[in-house]
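Just below is one structure, and these are the notes that go with it.
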Protein chains: 2
Amino acid sequence: MGRGKIEIKRIENTSNRQVTYSKRKNGIIKKAKEITVLCDANVSLVIYGSSGKMYEYCSPKTNLIDMLDRYQRLSGNKLWDAKHENLQNEIDRIKKENESMQIELRHLKGEDITSLNYEELIAYEDALENGLTNIREKKASLFFIN
Amino acid sequence: MGRGKIEIKRIENTSNRQVTYSKRKNGIIKKAKEITVLCDANVSLVIYGSSGKMYEYCSPKTNLIDMLDRYQRLSGNKLWDAKHENLQNEIDRIKKENESMQIELRHLKGEDITSLNYEELIAYEDALENGLTNIREKKASLFFIN
DNA sequence: AGGGCTATGTATAATGA
DNA sequence: TTCATTATACATAGCCC
């Protein structure tokens, strides 16, 4: 476009290449913004040239992280490294631990026990009696210490 | 461009919007490829519309992960580091929750109670008695149900 | 490096099949 | 609906500052 047609191949003249880069970069960013508004689309665009300077555009309704999250889910490609997976796994593991402790705590307080069978009830009874004994011993011992 | 000028605002007609989206998406991808070749640039482009289907273009010399790594370094914006931090915060939060539940459980079992004061001991004693009452009631009720 | 200017090539909105 | 077609609007290559 412009005064002459050009082939789509690397522009050898450095300054021409630089100028064209700058112009076209702006063009692409403009197009990205337009499609965002016109079509309710989400666009994430990261672009850099040989100068190393980088430009980014991301549609307003979202952000790069969400875009990439979505990209990962839809494409199946892994972007975040193993570290993230590990962190996520750890969270899952701790959450499970957490949940079972919460259940145990509730049971010890005599809550949510309708589903417990006789053996489980006995086990909790024993645990509670045991705890009670220990607590009472400790309580009693306070009088001797002071 | 085309038969009439259009304002850059959301196209209300759904099928028009869909058609325009598709055309412009291809246009942007084409432009992205061109600037890549012409100017030796690196481009990462992720785009999706209301259909949910997602397109991605990334210049051949690189890949999304490298682009984003570079983006992080140059822009100073945290990307997966932000995500990483969020995960770490969640882990810390859950771990704290976890720990306090573990302490409570141990206390209820009469363990690690040397540091407890008299009031705390009374509170645990009450809780245990309460739990025991509930458990025993439930236990007793089993005989009536069967 | 930008910024402005055309002439020209492209992208595309509207239309029709 | 999805394709061609086509008239227009837009983007931009080559210039000059």
Legend entry - Span of DNA chain D, from the first to the last nucleotide whose atoms fall under 4.0 Å of chain A heavy atoms: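 That gives a stretch of D:dA11 to D:dG14.
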
Inset, instruction - With heavy atoms under 4.0 Å as the rule, sort A:Thr20 into base, sugar-phosphate or nothing. - result: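 Since only primed, P, OP1 and OP2 atoms lie under 4.0 Å of A:Thr20, the category is sugar-phosphate.
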
Inset, instruction - May I ask you to say what A:Lys5 touches in the nucleic acid, namely base, sugar-phosphate or nothing, with a heavy-atom cut-off under 4.0 Å? - result: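 Here A:Lys5 touches the backbone only, sparing every base.
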
Inset, instruction - Starting from the 5' end of DNA chain C, give me the residue, B:Asn26 or A:Arg3, whose nearest nucleotide shows up first. - result: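 Residue closer to the 5' terminus by nearest nucleotide: A:Arg3.
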
Inset, instruction - Identify, between B:Gly4 and A:Gln18, the residue whose nearest nucleotide on DNA chain C lies closer to the 5' end. - result: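 Comparing both residues, the 5'-ward one is A:Gln18.
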
Inset, instruction - Apply the side-chain contact (heavy atoms from CB on, under 4.5 Å) test between B:Ile47 and each candidate in B:Lys25, B:Glu56, B:Arg24; give the one that qualifies. - result: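 Exactly one pass, corresponding to B:Lys25.
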
Inset, instruction - Output yes when B:Glu129 and A:Arg136 qualify as a salt bridge under the 4.0 Å nitrogen-oxygen rule, no when they do not. - result: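 A salt bridge is present here (some side-chain N lies under 4.0 Å from a carboxylate O).
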
Inset, instruction - Give a yes or no on whether a salt bridge exists between B:Glu99 and B:Lys95, defined as a side-chain N under 4.0 angstrom from a carboxylate O. - result: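 No, this pair does not count.
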
Legend entry - Rounded to 10 degrees, the angle between the two terminal axes of the helix from C:dG2-D:dC17 to C:dA17-D:dT2, each from five pairs: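 So the angle between the two local helix axes works out to 30°.
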
Do [X] and [Y] share a hydrophobic cluster, counting only Ile, Leu, Val, Met, Phe, Trp and Tyr and linking them when any side-chain heavy atoms are less than 4.5 Å apart?
{"X": "A:Ile35", "Y": "B:Tyr57", "value": "yes"}
{"X": "B:Val43", "Y": "A:Ile29", "value": "yes"}
{"X": "A:Met101", "Y": "B:Ile135", "value": "yes"}
{"X": "B:Val46", "Y": "B:Tyr55", "value": "no"}

Using 0.5 Å steps for rounding, measure from the [atom1] atom of [X] to the [atom2] atom of [Y].
{"X": "A:Arg10", "Y": "B:Leu38", "atom1": "CZ", "atom2": "CG", "value": "11.0 Å"}
{"X": "B:Tyr48", "Y": "A:Cys39", "atom1": "OH", "atom2": "SG", "value": "14.5 Å"}
{"X": "B:Leu45", "Y": "B:Lys33", "atom1": "CG", "atom2": "NZ", "value": "10.5 Å"}

Inset, instruction - Please determine, by modelled atom types, if B:Asn13 and B:Ser15 share a side-chain donor-acceptor pair under 3.5 angstrom. - result: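 A pair is found: one side chain offers a donor N or O, the other an acceptor, under 3.5 Å apart.
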
Legend entry - Comparing B:Lys23 and B:Val19 on DNA chain D - which has the more 5′ nearest nucleotide: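 With B:Lys23 and B:Val19 compared, the 5'-side residue is B:Val19.
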
Inset, instruction - Would you grab the first and last nucleotide of DNA chain C (5' to 3') that comes under 4.0 Å of any non-hydrogen atom in chain B? - result: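 First and last nucleotides in contact are C:dA11 to C:dA14.
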
